[in-house]
Chemist: 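Quick one: structure below, then a few questions.
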Amino acid sequence: MAMVKHDPGAAAAPAVRTGYTAVLPTGSALGPPPPPTEVPKGTNLLGVLLVCVADGMLLLAFLAAWWTIKAGSPAWPPGDVSVGTYIPSVVTITAVMSSFGMHWVVSSIRRNDQRSAGAALVFTALFGIAVANAQWYTMARENLTMESSAYAT
């Protein structure tokens with residue numbers, strides 16, 4: 001019986017095709033796939049800073065538009081509008097509770113807890129719907145439309 005020596009410099013055996021997947025023999029020149037590359041340090045921080053800067057610019061643009069419209073208006077708010085503080089306070093508290101729900105979603109995903117993440121997403125979506133509903137109620141109750149006044153816009 002002849003002994004066959006393993007030659008590490010020899011060409012790798014061709015891949016054996018079975019169905020749709022290729023099975024590579026051991027010692028193949030291709031080897032396992034390379035590990036995924038990591039995100040360069042500071043990339044996440046840069047992304048968050050860019051989002052914060054963009055959000056700040058948007059807020060400043062809205063404030064500039066509000067100041068401009070308010071300065072050109074004879075009365076602010078118009079005399080027939082009385083929103084009060086109760087509904088805006090409820091909307092603000094509901095929006096803050098929705099942000100806590102999003103924090104719950106993110107922490108659940110980090111723990112790989114899909115059930116809790118799903119419940120948190122439902123929780124957050126319901127609070128988002130509640131905020132939109134309260135805004136709609138306020139606009140409908142005061143008869144605020146895009147055409148009624150600059151204040152309504």
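Residue numbers count from 1 along this sequence. Since the structure is predicted, the reported quantities are computational estimates derived from the model, not experimental observations.
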Chemist: Of the non-hydrogen atoms in Ala120 and Gly101, which two are nearest, and what is the gap between them?
Modeler: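 Looking at all heavy atoms of both residues, the shortest contact is CB-O, 3.9 Å.
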Chemist: With a cutoff of under 4.5 Å between side-chain heavy atoms, which Ile, Leu, Val, Met, Phe, Trp and Tyr residues group with Val122?
Modeler: Leu126
Chemist: Could you give the side-chain donor-acceptor pairs of residues 89-99 under 3.5 Å, partners two or more places apart or in another chain?
Modeler:
from, atom 1, to, atom 2, distance (Å)
Ser89, OG, Thr85, O, 2.6
Thr92, OG1, Pro88, O, 2.9
Thr94, OG1, Val90, O, 2.7
Ser99, OG, Val96, O, 2.6

Chemist: Just distance, no hydrogens or angles: give the donor-acceptor pairs under 3.5 Å from side chains in residues 132-146, sequence neighbours left out.
Modeler:
from, atom 1, to, atom 2, distance (Å)
Thr138, OG1, Ala134, O, 2.9
Glu142, OE1, Ser82, N, 3.4
Thr145, OG1, Ser148, N, 3.2

Chemist: Please list every donor-acceptor pair under 3.5 Å in which a side-chain atom of residues 46-69 meets a protein atom from a residue at least two apart or in another chain.
Modeler:
from, atom 1, to, atom 2, distance (Å)
Thr68, OG1, Ala64, O, 2.7

Chemist: Not counting sequence neighbours, which residues clear ring pair (Phe, Tyr, Trp, His ring centres under 6.0 Å) with Phe123? List them please.
Modeler: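 Partners of Phe123 by the ring pair (Phe, Tyr, Trp, His ring centres under 6.0 Å) criterion, ordered by chain and then number, come out as Trp104, Phe127.
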Chemist: Sequence neighbours left out, what passes salt bridge (charged side-chain N to carboxylate O under 4.0 Å, His left out) with Arg111? Give chain and number order.
Modeler: Asp113
